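Just so we're clear, the structure is a prediction, and the values are computed from it rather than from any experiment. Ligands are counted one by one from 1 in listed order, and the atoms in each one are counted from 1 as well.
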Amino acid sequence: MRIGLTGGIAAGKSTVAARLSELGALLIDYDALAHDVVRPGGVALPRIEVEFGSAVLNADGTLNRSWMADHVFGKDAQPDARARLDAIEHPLIYAEASLAEQLHPEARIIVHDVPLLAEVIDTIPFSFDHIITVEAPVCLRLERMTEERGMSLEQAEARIRHQSSEEERRAIADIVIDSVQPMARMMDQVNEVYQGFLAELDGAAA
Ligand SMILES: CC(C)(COP(=O)(O)OP(=O)(O)OC[C@H]1O[C@@H](n2cnc3c(N)ncnc32)[C@H](O)[C@@H]1O)[C@@H](O)C(=O)NCCC(=O)NCCS
Ligand SMILES: Nc1ncnc2c1ncn2[C@@H]1O[C@H](COP(=O)(O)OP(=O)(O)OP(=O)(O)O)[C@@H](O)[C@H]1O
């Protein structure tokens with residue numbers, strides 16, 4: 001069974017993902033894959049350099065993430081910069097995700113943790129049995145991003161502006177997890193959701 005997990009930045013998606021993984025799901029973390037595919041020596045970095053110029057690299061040859069973030073999400077970013085970066089990274093991320101699945105043929109429940117699932121739902125080369133979105137109001141997410149991640153309010157607002165809205169994420173999801181509820185209750189909800197998946201699999205096998 002393949003599950004899509006999404007949510008706006010700092011809504012609590014990684015917290016839910018970690019719980020699903022503890023419960024036994026195979027977790028495929030697209031943020032981690034997005035970091036992997038731009039490592040030095042890979043095919044993405046030279047393409048990104050051609051697309052955005054040599055300022056995109058640090059002196060040690062790694063991707064300058066804050067430069068890239070400014071040029072993709074910042075107020076002076078070119079309107080198509082995000083699409084140009086995504087066009088380089090996304091196919092490589094999907095190939096890695098597919099490989100991760102092939103490496104674990106025993107996995108009964110596979111969770112693809114995809115921050116931008118609503119944006120890519122028509123192009124991602126996977127279909128999902130269920131889609132979970134984790135949601136919290138923008139003001140709370142801004143607070144989490146500025147207090148816990150050292151982002152300025154402007155950077156945090158820009159990142160949210162470049163993402164789908166809660167409404168768009170809810171439209172693709174059949175399960176919504178509200179991360180304003182106390183952590184313990186949210187974890188109980190994740191447990192219930194997971195048990196539901198197992199029951200569905202057992203029902204299908206019977
Ligand atoms: C622009 C980059 C270099 C900025 O790096 P940075 O370290 O600041 O952010 P990081 O990668 O840790 O992502 C943090 C969060 O930002 C958001 N985010 C990342 N990329 C994007 C994007 N293209 N559009 C909107 N939001 C994004 C997601 O919510 C993600 O969880 C990086 O995010 C990137 O390479 N993005 C393109 C790849 C992508 O689409 N990643 C998302 C997973 S599919
Ligand atoms: N129900 C909750 N109650 C209190 N705090 C929560 C709850 N859910 C998540 N959080 C907190 O919110 C913060 C953001 O959560 P998390 O890192 O899981 O977000 P995320 O959506 O994965 O972010 P990103 O999209 O950047 O990966 C964390 O500090 C987490 O502990």
Legend entry - Distance from atom 2 (C) of ligand 2 to nearest protein heavy atom, with residue and atom: Ser179 O, 3.3 Å

Legend entry - Minimum side-chain heavy-atom gap Phe197-Ile3 below 4.5 Å: yes

Inset, instruction - Please work out which of Arg149, Met187, Arg185 has its closest non-hydrogen atom nearest to atom 14 (C) of ligand 2. - result: Arg149

Legend entry - ligand 2 versus Lys13: contacting region, heavy-atom distance under 4.0 Å: both

Legend entry - Residues in salt bridge (Lys or Arg N to Asp or Glu O under 4.0 Å) contact with Arg19, at least two apart in sequence or another chain: Glu22

N or O contacts of ligand 1 with protein under 3.5 Å, please list pair by pair.
| residue | atom | partner | partner atom | Å |
| --- | --- | --- | --- | --- |
| ligand 1 | 5 (O) | Arg65 | NH2 | 3.4 |
| ligand 1 | 7 (O) | Arg65 | NE | 2.8 |
| ligand 1 | 8 (O) | Arg159 | NH2 | 2.9 |
| ligand 1 | 9 (O) | Arg159 | NH1 | 3.2 |
| ligand 1 | 11 (O) | His35 | NE2 | 3.4 |
| ligand 1 | 11 (O) | Arg65 | NH2 | 2.9 |
| ligand 1 | 12 (O) | His35 | NE2 | 3.4 |
| ligand 1 | 16 (O) | Arg159 | NH1 | 2.8 |
| ligand 1 | 23 (N) | Asp86 | OD1 | 3.2 |
| ligand 1 | 26 (N) | Gln163 | NE2 | 3.1 |
| ligand 1 | 29 (O) | Gln163 | NE2 | 2.7 |
| ligand 1 | 31 (O) | Asp31 | OD1 | 3.3 |
| ligand 1 | 31 (O) | Asp31 | OD2 | 2.6 |
| ligand 1 | 35 (O) | Glu89 | OE1 | 3.1 |
| ligand 1 | 35 (O) | Glu89 | OE2 | 2.8 |
| ligand 1 | 40 (O) | His90 | NE2 | 2.7 |

Legend entry - N or O pair under 3.5 Å between Val180 and ligand 2: no

Legend entry - atom 1 (N) of ligand 2: the protein heavy-atom neighbour that sits closest, reported with distance to 0.1 Å: Gln181 O, 2.8 Å

Inset, instruction - Would you check if the side chain of Gln155 reaches a backbone N or O of Ser152 as a donor-acceptor pair within less than 3.5 Å? - result: yes

Legend entry - Contact check, side chains of Glu135 and Asp178, non-hydrogen atoms, under 4.5 Å: no

Inset, instruction - Can you sort out which atoms of ligand 2 are near Thr15, meaning under 4.0 Å from one of its heavy atoms? - result: 9 (C), 15 (O), 16 (P), 18 (O), 30 (C)

Inset, instruction - Give the residue, atom name and distance (to 0.1 Å) of the protein heavy atom nearest atom 15 (O) of ligand 2. - result: Gly12 CA, 3.5 Å

Inset, instruction - Of the side chain and backbone of Pro115, name the one, both, or neither that has a heavy atom under 4.0 Å from an atom of ligand 2. - result: neither

Legend entry - Contact atoms of ligand 2, heavy-atom distance to Ser14 under 4.0 Å: 18 (O), 20 (P), 22 (O), 27 (O)

Legend entry - Beyond-backbone contact of Thr6 with Leu116, side-chain heavy atoms, under 4.5 angstrom: no

Legend entry - ligand 2 versus Glu147: contacting region, heavy-atom distance under 4.0 Å: neither

Inset, instruction - Pull out every atom of ligand 2 sitting under 4.0 Å from any heavy atom of Ala10, numbered as shown with elements. - result: 14 (C), 19 (O), 20 (P), 21 (O), 23 (O), 24 (P), 25 (O), 26 (O)

Atom pairs and distances, side-chain donor-acceptor, residues 39-57, under 3.5 Å, sequence neighbours left out:
| residue | atom | partner | partner atom | Å |
| --- | --- | --- | --- | --- |
| Arg39 | NH1 | Asp36 | O | 2.4 |
| Glu51 | OE2 | Arg84 | NE | 2.7 |

Inset, instruction - Take every heavy atom of Ala11, measure it against each atom of ligand 2, and state whether any distance is under 4.0 Å. - result: yes

Inset, instruction - Distance to 0.1 Å, residue and atom name: give those for the protein heavy atom nearest to atom 8 (N) of ligand 2. - result: Met186 CE, 3.3 Å

Inset, instruction - Record the part of Glu148 in heavy-atom contact with ligand 2 below 4.0 Å; permitted values are side chain, backbone, both and neither. - result: side chain

Legend entry - Heavy-atom nearest neighbour in the protein, as seen from atom 5 (N) of ligand 2, with distance rounded to 0.1 Å: Arg144 NH2, 3.5 Å

Inset, instruction - Would you check if Ile109 and Leu26 make a side-chain contact, meaning some heavy-atom pair closer than 4.5 Å? - result: no

Legend entry - Any side-chain heavy-atom pair of His112 and Arg2 under 4.5 Å: yes

Legend entry - Pairwise side-chain contact, Tyr30 with Asp113, heavy-atom cut-off 4.5 Å (strictly under): no

Legend entry - Flag side-chain contact, heavy atom, 4.5 Å: Glu157 against His162: no

Legend entry - Note, Leu198 side chain near Arg108 side chain (heavy atom, < 4.5 Å): yes

Legend entry - Under 3.5 Å side-chain donor-acceptor pair for Glu200 and His130: yes

Inset, instruction - Determine whether the side chains of Glu168 and Ser165 contain a donor N or O and an acceptor N or O closer than 3.5 Å. - result: yes

Legend entry - Arg141 near ligand 2 by a heavy-atom separation under 4.0 Å: no

Inset, instruction - Give the residue, atom name and distance (to 0.1 Å) of the protein heavy atom nearest atom 31 (O) of ligand 2. - result: Met183 CE, 3.8 Å

Legend entry - Which residues share a salt bridge (Lys or Arg N to Asp or Glu O under 4.0 Å) with Arg170, sequence neighbours left out: Glu166

Inset, instruction - Check whether any heavy atom of Gly8 sits under 4.0 Å from an atom of ligand 2. - result: yes

Legend entry - Side-chain donor or acceptor of Gln163 paired with backbone N/O of Ile160 under 3.5 Å: no

